[in-house]
Amino acid sequence: MNLSTLGLMKKTGCLIIGFDAVKRELESPTSKIAGVALSNDLSAKTKKEILFLRDKHRPQMDIVVLDADMKQIEGVIGKRTGIAAIMDEGFWKSLSKDSEPIKQ
């Protein structure tokens, strides 16, 4: 996984970061969200909440855990976060190709 892809997504507006913003996207029936990426040091409680929201609103959508922690993500996108929603299918495929989706 190449972290610079996250920076490019941020610049093109294809990245939504933070729990509340991602939650709104998951709950929105008109959202074009392609997938959600989590940092590897995200708390178990937050991970469980995101999985619950996915199962409730978009059970077909994939969620992956990146091989990066919040500090590494912050270095690339300029904001400390452990949750990112990717809005572009091409970027999502590029980011998630080396990661196994979380089932539960």
Side-chain angles (χ1 to χ4, degrees):
M1 194 269 316
N2 189 350
L3 277 181
S4 62
T5 305
L6 282 177
L8 184 58
M9 285 185 243
K10 174 92 165 131
K11 287 179 183 176
T12 60
C14 296
L15 190 68
I16 296 174
I17 54 176
F19 179 82
D20 292 334
V22 171
K23 179 181 175 186
R24 279 191 298 274
E25 287 300 319
L26 287 171
E27 293 173 339
S28 172
T30 60
S31 175
K32 303 262 192 257
I33 191 169
V36 175
L38 308 175
S39 68
N40 61 11
D41 61 344
L42 189 68
S43 76
K45 179 181 182 267
T46 304
K47 186 176 179 182
K48 183 177 177 182
E49 288 179 42
I50 288 295
L51 289 171
F52 172 79
L53 289 168
R54 187 267 318 259
D55 293 344
K56 182 176 179 183
H57 299 288
R58 297 173 184 270
Q60 75 287 358
M61 188 191 71
D62 286 338
I63 296 177
V64 297
V65 176
L66 301 175
D67 189 24
D69 60 25
M70 288 187 216
K71 189 166 182 78
Q72 291 170 312
I73 294 170
E74 178 183 17
V76 175
I77 64 173
K79 185 172 181 185
R80 184 172 171 86
T81 187
I83 304 171
I86 291 78
M87 305 304 287
D88 180 80
E89 194 66 39
F91 277 133
W92 174 248
K93 286 179 183 175
S94 172
L95 187 68
S96 65
K97 68 182 175 190
D98 298 328
S99 303
E100 194 65 32
I102 300 172
K103 298 297 180 199
Q104 192 55 305

Handout entry: Between NZ on residue Lys11 and CG on residue Leu6, distance to nearest 0.5 Å
Key = 12.5 Å

Exercise for the section: Side-chain contact test, heavy atoms from C-beta onward, threshold under 4.5 Å: evaluate it for Glu74 versus Thr81 and give yes or no. Expected result: no

Fill in the blank from the handout: Rounding to 0.5 Å, atoms OG (Ser39) and NZ (Lys47) come to a distance of 9.5 Å

Fill in the blank from the handout: d(Thr46 OG1, Leu38 CG) to nearest 0.5 Å is 9.5 Å

Problem - Min side-chain heavy-atom separation Leu66-Asn40 under 4.5 Å - result: no

Practice task
Drop me the distance from Ile83's CD1 to Met70's CE, to the nearest 0.5 angstrom.
Solution key: 8.0 Å

Practice task
Of all the heavy-atom pairs spanning Ala37 and Leu95, show the shortest one and how long it is.
Solution key: CB-CD2, 4.0 Å

Exercise for the section: Evaluate the side-chain proximity of Lys56 to Arg54: yes if any heavy-atom separation is below 4.5 Å, no if none is. Expected result: no

Practice task
Could you check if a side-chain atom of Lys48 sits within less than 4.5 angstrom of a side-chain atom of Leu51, using non-hydrogen atoms only?
Solution key: no

Exercise for the section: Sorted by first residue and then second, give each side chain to side chain donor-acceptor pair (under 3.5 Å) pair with at least one member in residues 13-26; sequence neighbours left out. Expected result: Glu25-Ser31

Completion exercise
Note: Gln72 and Leu3 closest approach over all heavy atoms is CB-CD1, 3.9 Å

Completion exercise
One should read off an interatomic distance between Leu15 CG and Met87 CE, to the nearest 0.5 angstrom, of 10.0 Å

Problem - Taking every non-hydrogen atom, the tightest pair across Arg80 and Lys71 - result: NH1-N, 3.9 Å

Completion exercise
One should read off an interatomic distance between Ile17 CD1 and Ile77 CD1, to the nearest 0.5 angstrom, of 4.0 Å

Exercise for the section: Report yes if some heavy atom in the side chain of Phe91 is under 4.5 Å from a heavy atom in the side chain of Leu8; otherwise report no. Expected result: yes

Exercise for the section: Taking the side chain as every heavy atom from C-beta outward, state whether Thr12 and Asp88 have any pair of such atoms under 4.5 Å apart. Expected result: no

Problem - Partners passing salt bridge (Lys or Arg N to Asp or Glu O under 4.0 Å) against Lys45 (at least two apart in sequence or in another chain) - result: Glu49

Handout entry: Heavy-atom closest pair, residues His57 and Leu26
Key = CB-O, 3.2 Å

Completion exercise
Closest heavy-atom pair, Pro101 versus Val64, reported as atoms and distance to 0.1 Å, is CA-CG1, 4.0 Å

Completion exercise
For Val76 and Gly7, the nearest pair of non-hydrogen atoms, with its separation, is CG1-N, 3.4 Å

Handout entry: Leu42 side chain near Phe19 side chain, heavy-atom distance below 4.5 Å
Key = no

